[in-house]
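First up is the structure itself, then whatever we jot down about it.
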Amino acid sequence: MSQAVVSVNVAVLLPVLAPAFGAAVVLIADVAVQRLRRAHYIVALASLVVGALATVPGLGAGDVRQTLCLPGSGQCLYAADGVASALQLAALLAASVTLLLSWPDDKKQSQGATAVTVSLVLAATAGATAVAGARDLGSWLVALELATLPTVALVALRGARSAISGAVALLTTALVSFGLLALAAALWFTATGTGFLTPAAALTVIADPTRRPILVLAVALVVAGIGFKLSLVPFHAWTPEAYDGAPLPIAAFLAGVSKIAALAALLVVIRAIVPLGASVLTSIAAVAAVSMTLGNVMALRQDGVVRLLAWSTVAQAGWVVLPLATLSTLAVEASGAYLLAYVLATLLAFAVVAALVQTRGAARARDLASYRGLVQDHPLLAAALGLALLSLAGLPPGVLGLVAKVTALRPVVASELWLLAVIAAVNAVLGVAVYLRWVRVLFASPDAVPGPSTHVGTDDVGGVQSLAVKAHPATLAAVGFAAVMLVLASLSPQLILGLLGH
Amino acid sequence: VVILLVGALVVPALAGTALVLSGRDSMTSSESNANRVSLVASLATAALVLAAVITRPAVDQPWLPALGVRMQFAVDGISAPLLLLTAALGVAVVVNARSRPPHGASPATFYGCLLLVEFGALATFLSRDAVVFFLSFEIVLIPMWVLISRYGDSHDLAARADASGRFVLYTVLGSTLMLVGILTLVHVSGTANLDELAAAHGAGIDRPTQVIIAALLLVGLGIKIPLFPLHTWLPPAHTIAPTAGSVLLAAVLLKMGTYGVVRLVIAPLPLGFGALAPVFAALGVIGILWGGLACLVENDLKRLIAYSSVAHMGFVVLGLSSGTTVGLQAALFANVAHGVVSALLFFLVGGLKERWGSADLATARAALREVSPRLGLALVVGFAASLGLPGLVGFWGEFLAMYSAWSPAPDRPEGLMRVLAVVAVTGTAVAAGYSLRVLRLIWSGDRTLPAHDDARGGEWSVLAVLVASVLVLGRAPGLLLNTTIKDVSAITSEVSR
């Protein structure tokens, strides 16, 4: 007789436990010692790094790390394979970059919400890593909401009018999405008779064809519910609103960690139904095609960089789910690889924008026209931003983005979905137009830039070499970290692809 | 020996990246330093390429095991002439820029982009993996876009933005369609190795699938060639691009399209290409006529040569479509011939445009033969070669292409191909017409005002070498034909089985 209680392996759960524990420590420390600020960030960063290190054994083609296994049946509530571990690692690193971007500035007066912000970021990150490993409906649903709801508060915390409207849009979306997902969970249970999100559970419907439509409906509702979180058309409307209203680091969080959480949740379900047969998920194909097209077309019309990045997220979300139009393990890995490439490039773009907000002031960094002549003013920042944008566009030197597009198209082509492949090809062109529009501005002669820099804060340092002094070192560290990762990944995309299990 | 091959890629890549990244106030940013660095780099690259062409090394390293993509590079008879052409022109554009320095932003970026274009082109011609071929194909885009959009003709900024944007977007559409085709090809044939694909000759792929893949690839590559009616990006790009950009665009980048047709369509998909060859050939011949007729009325000299490129590439397409050894040989020869002639003409016309301030033919100028005999000589040789005068390099490729269309492979529709051959002949008459028109307008006459200086220094040495190549390859076409024959007959022997 095996032990009667659920087994718990802390080492395996550490990617989830570390940020959750960090969040608790930050809240307790805030109660115990007033006016701590940097300490919160250090604790948070440390917990994220610990979590990231804990994902390493699961990366690549390593063992599937399982825990919370039920006695008797041997079913486990938590399992992290290569894809899940890679997504967890990405979520933890993306959250670290977000924290670096919002690192407190000594010169600025405290806004009093440091501990809350940090713990919310950690909580949402814990949700993201948990959903990647969740293998039962309950923890899957709870983890996904844990990844979502703190972001509403994070957007709203700034208190500005635009922030509130962004938060309301996000909250409404989150509620509708939760409703759809709860319904999907109920249908899944009805169809399979178990609460497990595993292939074994999905295979039970084969025995009873009448239950198959119920499962199909459940999957469709999952796609819709996750579609909200991934910003897929027609569930995308909140995205530009929330990105633009949120503080920049939080927008980066929404574009990074939140998307990882959403895709991780979707992949849990997709992997469960892969053995059902290689039927084509037409709804995903349609959603992918419409998302890329609308996202690119709208991004082409934006003059603010944050809104441009928001619409670019919509378009890239289409690329992320594109391979999932064909049900296969190949598609799951391709989708994960595309997401990682997108997150890396987008975070770098956000980090550069944040650095410029600090050096030039928000008014002169959120506007596309203010990027004129960046190549001359800040060659390194311009190079980093250029690399990020070209990666998103999928053109060398952003080889990672190009390889990601190759990876994403491969399953589509292998399933002979010609129409979808051609739509994707046309969207590759539209995407190039979107990002080159920004790159072109970087090169333009800076004649039209008005007035001196209006930065608040670090003016007293009397900086000779403008940038190194004015932008916060933590922000520059975030830029540097993301840029080095992107350069390495462009030289050898296998670094990213290998994480997922090849 | 492998180091030669790797070096030929690494040297331009590293030197180009270093130049592009070097800031305003570093050592390399001054015009002369940047020129010196890029001259050394391009000479070293040329030496390495030459050594690699002689020794024929091969590299095979895993790169993306997740996708089954390998770093496979090798030289064979089909790629060797194009590699030498690319490396030689890589040196030529830098030497020419010593006399005709770039205008616009930082010179270091200009030279860096030239080297990066060279790197991408060499990688394209060297790669033996279909996916690496695609990636290399894309490498040239951004540097060329920077060359056009930053260093191009700045008279009309909107036109410059339009030309550079159109260049990138058309080419990206083409290459993404090509990617879809490549991925399908790799999926159905189970290998991405171009040599294995060529050796299989489409075995195991049924005809409808071959036709679909070939159609995707031909549309994608057709944009690059450029094939009528997908050519509309080329004239504005050439008109705006700086001299070095025009030269590399016409002489190197367009060749990547036809080279891709040989490697990715004709060799691995004989049935698919056979089905589409008549359409492909017909569009090529329409391009010959269309380009020629446009040249008869075009008043912008650079745009005129761009249209003549469309016509010349039409002959390459016709040769490729014939399905015979002669046709393929003709196409590869015409490819290189157009590379040499268009490079000569674009160097010349770029220099003239800088002297004149515009490239408008309607403005009365001093006759070249009166004020600048060297430029005049180069112009006469260039246009004589362009109209296909026997004894010059332009003759062999076009003559053989028409011959091969007259007696095509058995599975081609002979009647249609003969009609196309006849139409192509009229195309050469049109070529004679526009060539003589240009010579009449700017070479002959007795006006000596406004005077301008003749070519000397770097500019003259580049023109002289190109004129010499036109004459040498025209007198001894065997130099080139013998290099390609072995690998070409390996492709066609199976096709015409």
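Remember, predicted model here, so these are calculated numbers, not experimental data. Residue numbers begin at 1 in each chain, while the letters A, B, ... track the order of the sequences.
Annotation: side chain of B/P242 is in contact with side chain of B/F110 (closest heavy-atom distance under 4.5 Å). Residues B/T171 and B/L253 form no side-chain contact, since every pair of their non-hydrogen atoms from C-beta on lies 4.5 Å or further apart. Between B/E138 and B/L179, every side-chain heavy-atom pair lies at or beyond the 4.5 Å cut-off. Contact annotation: the side chain of B/L135 approaches that of B/W63 to within less than 4.5 Å [non-hydrogen atoms, C-beta and beyond].
With a threshold of 4.5 angstrom between heavy atoms, B/V186 does not approach chain A through any atom at all. Using a 4.5 Å cut-off between heavy atoms, A/V399 touches chain B through its side chain atoms alone. Neither the backbone nor the side chain of B/Y170 comes within contact range of chain A; no heavy atom of the residue lies under 4.5 Å from a heavy atom of that chain. Using a 4.5 Å cut-off between heavy atoms, A/A383 contacts chain B through its side chain alone, with no backbone atom that close. Contact of B/L216 with chain A is made through the side chain alone, with heavy-atom distances under 4.5 Å. Neither the backbone nor the side chain of A/L430 has a heavy atom closer than 4.5 Å to any heavy atom of chain B. Proximity to chain B is absent for every atom of A/I496, based on heavy atoms less than 4.5 angstrom apart. Both the backbone and the side chain of A/R440 come within contact range of chain B, with heavy atoms under 4.5 Å apart. In this structure, chain A has no heavy atom under 4.5 Å from any part of B/L116. B/S164 touches chain A through its side chain: at least one heavy atom from C-beta onward sits under 4.5 Å away, while N, CA, C and O do not. Proximity to chain A (any heavy atom under 4.5 Å) is restricted, for B/L141, to the side chain, taken from C-beta onward. Of the two parts of A/L395, only the side chain, counted from C-beta on, holds a non-hydrogen atom closer than 4.5 Å to a non-hydrogen atom of chain B.
Here the shortest heavy-atom pairing between B/L115 and B/A41 reads CD1-CB, 4.0 Å.
Every residue two or more places apart in sequence or in another chain that forms a salt bridge (charged side-chain N to carboxylate O under 4.0 Å, His left out) with B/R128 is listed here: B/D76, B/D195. Applying the side-chain hydrogen bond (donor to acceptor under 3.5 Å, both in side chains) rule to B/E118 yields no partners; only residues at least two apart in sequence or on another chain are considered.
Without hydrogens or angle criteria, A/S415 side chain to A/L417 main chain gives no donor-acceptor distance under 3.5 Å.
For the set B/T209, B/L169, B/V180, the count of heavy-atom pairs under 4.5 angstrom toward chain A peaks at B/L169. In terms of heavy-atom pairs under 4.5 angstrom with chain A, the leader among B/I212, B/L177, B/V131 is B/I212. In terms of heavy-atom pairs under 4.5 Å with chain A, the best-connected choice from B/P62, B/S175, B/A161, B/G120 is B/A161.
Using cut-offs of 30° and 60° on the angle between ring planes, the pair A/W319 and A/Y338 is parallel.
One distance of note links CG of B/L147 with SG of B/C113; it measures 5.0 Å at 0.5 Å rounding.
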